Asker: 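Got a structure here, written out as structure tokens. Questions coming.
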There are 2 protein chains.
Amino acid sequence: MKKQATTVEAAVSGLRGRIVEHGASLSPQQRVIADYLLAHLEEAPFLSILEVSERTGASEATVVRFAQRIGYKGYAGLKMALVEALREERGSGRRTTASAATQAPLAAVARLAQHNIEATLASVDGSEFEAVAQQLAGADHLFTFGLGISAHLADLAAYLFTEHGLRVNSLTTRYTSPREQLVALRPGDAVLAFSLPPYSRETLEVLREARERGATTVVVTDRATAPAVSLVDHALTVSCQGMTFTSTTAAIDVVLNALVMAIGAHHREEALEAISRINQILEGDSSLVD
Amino acid sequence: MKKQATTVEAAVSGLRGRIVEHGASLSPQQRVIADYLLAHLEEAPFLSILEVSERTGASEATVVRFAQRIGYKGYAGLKMALVEALREERGSGRRTTASAATQAPLAAVARLAQHNIEATLASVDGSEFEAVAQQLAGADHLFTFGLGISAHLADLAAYLFTEHGLRVNSLTTRYTSPREQLVALRPGDAVLAFSLPPYSRETLEVLREARERGATTVVVTDRATAPAVSLVDHALTVSCQGMTFTSTTAAIDVVLNALVMAIGAHHREEALEAISRINQILEGDSSLVD
DNA sequence: TATTTAATGAAAGTTTTCATTCATTGGCGC
DNA sequence: GCGCCAATGAATGAAAACTTTCATTAAATA
């Protein structure tokens, strides 16, 4: 396949190249090994066969066969290649020329997202979060709403909540105005709106009307002084810095997923199970390659 | 001797500290070994006794005695220490304190997202990322595609790219099958697919067909051995651990936004400007309330 | 269903690596 | 000169790492 496109790639990072190249012919178990190694490139050069087999659940023999299948003489050969790669990388040091410029966007956005997630974690009020989860879980029917990038968040929220058994609709602007769709709204329902800059008047109107009709209103926004906050029953303030020149909604994604999990916490065990599995992953030991 | 002076030093770079400490009692040969190792700290963790003895002219026994003399259990102990030091140095980006060991869903999901973003940043291949940006920017027309949660990503991608002046369509399953919509596809176009577990056959078929029609194909997936990888021109592998029991796509959100930024890098200045503003935010000056 | 093929782990075999023992060398004081 | 001792390397032993073989099981094919 595409020699022209992959030559550089293959030369630079041999392991990844070979895995992709022979990817189709790898057995399931070998795939697990491949993924583990790629996900732990930092550690890989130091791991012995035994360690790899323990962490991936495959037998030592399978590890060797994997190395041979992707073209190395054996595991020893693979390891030597990894060591070489590591040496090269260190040797070249911070001399990253062109790749610095290209790598830069990824690094910058990543750090921005990390920052926002961290800030959100620090600032979201626990009891408010809990209250929102309660309200959404208890609602008869849930409507989500947003404009611009927030529309995607609204759709995403609807998708996630639906998967967890809630009755949800995302208010769209496809056929009729969102406000018209609110005729179906009744007391006992809830509306979850997303309001990020540039704030739109329409969102405020939807929230106002929803409230008049007796529904519980919740807004996810980026600052406590956002216009929507004073109109709703509950507001979750998420850190969304940098949204004027990029659109990373990573922090909101996190909040949304956490809400889903909290709601699913009806089946407490399930939620706790999820949390413990997350912790396992974070502990480092992805023996479970998930 | 000066415990106070050497504690930090010894703790940080054990080898150098120990050598200095026991320097007086080292034999001539051992001194050669010490000098060699210190001069080749990069290599040291990977050298076997035999290699060290060959390069220094000392016998293997002397190498072992050297390690013991400076306080290690044996050469194995010395090597382990070197490996640890190297690992530490590389993994210096480890800020995530286990402080938030909370049982709260929000904390757990946040940390998972952080982890995935970090892992993605470490593993995404720079040249591949660059290549993808090039291809997408240069495409005549762009189609995005995904099923399940990936459908949202496809829509989001279409939205983001559209905002930056590209001609994009998200292939939906709304009216006709995605493959039917490919009749409009021509050489020079590009297809950007998202393929996350559970992988669907349909996605593979779309990619296959797109390629047959001469379009450039790109897939964003969660592992290098995912079935789609072998079918496309370019693959971006993003860390998405924990997706079996939650749906945080934060890392993909980051990659997507970075791509947008890289594409906009035609207008280099604009991209650099964005990066510098991100850095300002991270520097802590949220003076600009953005 | 019968047959073949591929995948896999247990276990045996091989090589490499590490540690110890022991004999030799060379310096140094008596 | 003689004995003592640290230093050293060769040889040996022990352990770990790596590879192969082989029997079993699961999957694919006829």
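First the proteins, then the strands, lettered A, B, ... as listed; each starts at 1. What you see is a predicted model, and the numbers here were worked out from it, not measured in a lab.
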Asker: Find the bend of the helix from C:dT1-D:dA30 to C:dC30-D:dG1 as the angle between its two terminal axes (five pairs each), to the nearest 10°.
Answerer: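 One end's axis against the other's: 10°.
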Asker: Not counting sequence neighbours, which residues clear side-chain contact (heavy atoms from CB on, under 4.5 Å) with A:A34? List them please.
Answerer: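 A:A34: side-chain contact (heavy atoms from CB on, under 4.5 Å) contacts with A:I19, A:L26, A:F66, B:T225.
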Asker: I'd like to check the side-chain contact (heavy atoms from CB on, under 4.5 Å) partners of A:S53; sequence neighbours left out, ordered by chain and number.
Answerer: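 Once residues adjacent in sequence are excluded, the partners of A:S53 under the side-chain contact (heavy atoms from CB on, under 4.5 Å) criterion are A:L50, A:E60, A:V63.
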Asker: Generate the contact string for nucleotides 4-23 of chain D. Rules: B means base contact, S means sugar-phosphate contact only, - means no protein heavy atom under 4.0 Å.
Answerer: ---SBBB-------SBBB--
Asker: Taking side-chain hydrogen bond (donor to acceptor under 3.5 Å, both in side chains) as the definition, give me every residue that meets it alongside B:S27, ordered by chain and number, with sequence neighbours left out.
Answerer: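 For B:S27, no residue satisfies side-chain hydrogen bond (donor to acceptor under 3.5 Å, both in side chains) once neighbours in sequence are set aside.
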Asker: Please enumerate all residues that pass side-chain hydrogen bond (donor to acceptor under 3.5 Å, both in side chains) together with B:R208, with sequence neighbours excluded.
Answerer: none
Asker: Check side-chain hydrogen bond (donor to acceptor under 3.5 Å, both in side chains) between A:Y72 and all other residues, then give those that pass, not counting sequence neighbours.
Answerer: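 side-chain hydrogen bond (donor to acceptor under 3.5 Å, both in side chains) check on A:Y72 returns nothing, list empty.
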Asker: Show me the side-chain donor-acceptor pairs of residues 186-198 of chain B shorter than 3.5 Å, one per line, residues at least two apart or across chains.
Answerer:
{"residue": "B:D189", "atom": "OD1", "partner": "B:H141", "partner atom": "N", "Å": "3.3"}
{"residue": "B:D189", "atom": "OD2", "partner": "B:R186", "partner atom": "N", "Å": "2.9"}

Asker: Please identify each residue that fulfils ring-ring contact (aromatic ring centres under 6.0 Å, His included) with B:H152, with sequence neighbours left out.
Answerer: A:Y159
